[in-house]
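A, B, ... follow the sequence lines: proteins, then strands. Residue 1 opens every chain.
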Amino acid sequence: MSTEALRAPPDPYQLGARLAGAHAPPQVTGRGAGGPAPKRIVVGYGFWIFLLSDVIVFSSFFAAYAVLFKNTAGGPTAQQLFDLHNTAVETGCLLASTFTCGMASLAVGQRSQKWTQLALLATGLLGLAFITLEAREFVSFVARGAGPSRSAFLSSFFTLVGCHGVHVTAGLLWLGTMMAQFYAKGFRQDIRHRFLCFSLFWHALDIIWVAIFSLVYLVGTLPPELLP
Amino acid sequence: MSSEHEFDAGSNVGEDRLPGAESAARERTLGREVRGYALGLALAVGLTAASFWVRGTDLVYGPGLAMALLVLAVAQMGIHLIFFLHITTDPDNQNNVLALAFGVLIVCLIVFGSLWVMEHMNHNMAPMQELMQMQR
């Protein structure tokens with residue numbers, strides 16, 4: 001048996017171990033191949049930092065909502081206002097659009113213009129359906145005299161859920177831009193990096209919606225005696 | 001080198017993303033990627049359905065409902081992070097994981113800190129009507 005076979009297998013956790021290849025030992029400390037991380041990793045990391053700061057903004061809106069939840073000033077309460085069927089349909093739309101966004105990522109990986117455009121179109125239509133349902137809900141609240149100026153509870157509700165709605169609307173504009181850029185400029189590396197950021201943004205919006213539908217809608221409509 | 005290791009948005013095709021996994025044998029294929037997203041979708045749908053079911057049922061102890069919904073929400077966020085945002089144990093992902101941990105710390109401080117402080121302030125404040133009386 002050769003000494004090669006007796007040697008311990010390379011440690012996959014060692015920095016740079018993966019990039020140096022299965023048999024070549026790392027040549028330098030850090031990333032084995034030398035040089036900085038690939039641009040895709042750097043771009044994704046930078047955008048991830050932005051997303052986390054966005055999540056922190058949302059967390060302060062969540063905190064405001066939780067603190068002001070009971071201050072209805074004699075106005076309508078969450079239990080009287082919220083329609084959980086509407087919330088369920090909105091959740092379904094956003095979850096499906098997150099899945100089609102993932103499919104678009106795979107289509108981009110395959111350099112398939114047709115499937116990329118189809119998956120992005122589906123993502124956009126589902127997002128549009130979500131934002132339409134949310135706008136209808138807001139309009140019906142205002143028509144019933146439960147606008148953001150009615151009580152502290154409603155101010156915090158419209159701020160939190162409205163801020164998410166504004167993010168989804170901005171995401172839809174970004175999505176349209178990505179479709180146009182893939183169509184006009186093809187699968188260039190910089191366009192793919194932009195799309196990586198868009199897909200991270202869209203998936204993160206769904207994570208925020210998970211918190212909203214669970215804590216604002218489902219917990220919010222529990223009978224008052226069951227709330228902590 | 002950069003073309004070899006440059007892979008695409010959200011796609012792990014052709015790239016070993018799991019340290020410890022045998023790299024050649026478990027090469028990522030398109031079919032595996034699609035199955036990954038489908039599994040994530042199935043788990044997310046299941047947890048969403050569980051949330052709505054828990055909200056409507058009387059099988060769960062009433063005062064524990066809010067906590068049960070919170071746990072289901074956190075679980076679903078974890079599913080989204082793993083299957084859709086691809087936060088993994090990959091060496092390239094270590095910075096993302098650390099940033100996420102710091103973000104979670106800040107979010108917990110803001111939310112639970114606000115609730116804690118405001119709870120005590122509400123408790124220590126005179127009822128609003130008495131305040132109005134005193135100001136007259």
Side-chain angles (χ1 to χ4, degrees), chain A residues 12-13 15-19 22 33 37-41 44-45 48-49 52-53 55-56 59-60 62-64 66-67 84 88 91-92 95-96 98-99 101-103 105-106 108-110 189 192-193 195-196 199-200 203-204 206-207 210-211 213-215 218-219 221-223 225-228, chain B residues 1-2 5-13 16 18-21 23-24 30 33-34 37-38 40-41 44-45 47-48 51-52 54-56 62-63 65-67 69-70 72-73 76-77 80-81 83-85 90-92 95-96 99-100 102-103 106-108 110-115 118-119:
Chain A
Y13 293 95
L15 276 177
R18 189 171 57 84
L19 287 183
K39 191 156 186 196
R40 177 194 176 278
I41 303 294
Y45 179 57
W48 183 232
I49 299 285
L52 287 169
S53 69
V55 166
I56 289 170
S59 80
S60 34
F62 269 105
V67 166
L84 289 185
T91 306
L95 197 52
T98 256
F99 179 71
C101 181
M103 292 299 105
S105 306
L106 298 185
V108 169
Q110 299 294 308
Q189 196 189 54
R192 281 184 282 131
H193 286 161
F195 178 69
L196 166 70
S199 66
L200 289 175
H203 293 314
D206 202 24
I207 292 191
V210 168
F213 89 74
S214 302
L215 302 179
L218 292 181
V219 174
T221 52
L222 286 173
E225 68 270 16
L226 292 186
L227 286 171
Chain B
M1 168 235 137
S2 73
H5 297 296
E6 184 74 24
F7 47 100
D8 288 296
S11 170
N12 305 327
V13 173
D16 170 33
L18 299 168
S23 53
L30 182 63
E33 294 283 343
V34 174
Y37 275 104
L41 181 70
V45 167
L47 285 166
T48 303
S51 293
F52 277 88
V54 161
R55 171 64 186 75
L65 273 178
M67 198 48 73
L69 286 167
L70 179 67
L72 284 169
Q76 192 175 343
M77 288 183 207
H80 282 248
L81 283 174
F83 287 93
F84 298 143
L85 284 153
D90 185 273
D92 278 339
N95 285 327
N96 296 357
L100 174 67
F102 184 63
I106 300 293
V107 166
C108 288
I110 289 177
V111 173
F112 296 113
S114 300
L115 281 171
M118 295 308 286
E119 174 86 23

Under 4.5 Å heavy-atom distance to chain A, tell me which part of [X] shows up: side chain, backbone, both or neither.
X: L47(B); answer: neither
X: M77(B); answer: both
X: V54(B); answer: neither

Which of [options] touches chain B most, by non-hydrogen pairs under 4.5 Å:
options: A88(A), A211(A), G92(A), C101(A); value: A88(A)
options: V210(A), L226(A), I49(A), L218(A); value: L218(A)
options: L95(A), L227(A), L200(A); value: L95(A)

(message) Check the orientation of F84(B) and H203(A). Use parallel for under 30°, tilted for 30 to 60°, and perpendicular for over 60°.
(response) parallel

Atom pair [atom1]/[atom2] of [X] and [Y] - distance to nearest 0.5 Å:
X: Q76(B); Y: I207(A); atom1: CD; atom2: CD1; result: 9.5 Å
X: H80(B); Y: D206(A); atom1: NE2; atom2: CG; result: 4.5 Å
X: N96(B); Y: W48(A); atom1: CG; atom2: CH2; result: 7.0 Å
X: F213(A); Y: L69(B); atom1: CZ; atom2: CG; result: 9.0 Å

Between [X] and [Y], which heavy-atom pair has the shortest distance, and what is it?
X: A99(B); Y: Y45(A); value: CB-CE1, 4.3 Å
X: A66(B); Y: V219(A); value: CB-CG1, 4.1 Å
X: I110(B); Y: S60(A); value: CG2-CA, 3.8 Å

What residue in [options] has the most heavy-atom pairs under 4.5 Å with chain A?
options: L81(B), L70(B), V107(B); value: V107(B)
options: A38(B), G103(B), G62(B); value: G62(B)
options: V34(B), T48(B), L41(B); value: L41(B)
options: L65(B), L100(B), L72(B); value: L100(B)

Part of [X] within contact of chain B (heavy atom distance under 4.5 Å):
X: S53(A); answer: neither
X: I56(A); answer: both
X: L52(A); answer: side chain

(message) According to side-chain contact (heavy atoms from CB on, under 4.5 Å), who are the partners of F102(B), at least two apart in sequence or on a separate chain?
(response) L105(B), I106(B)

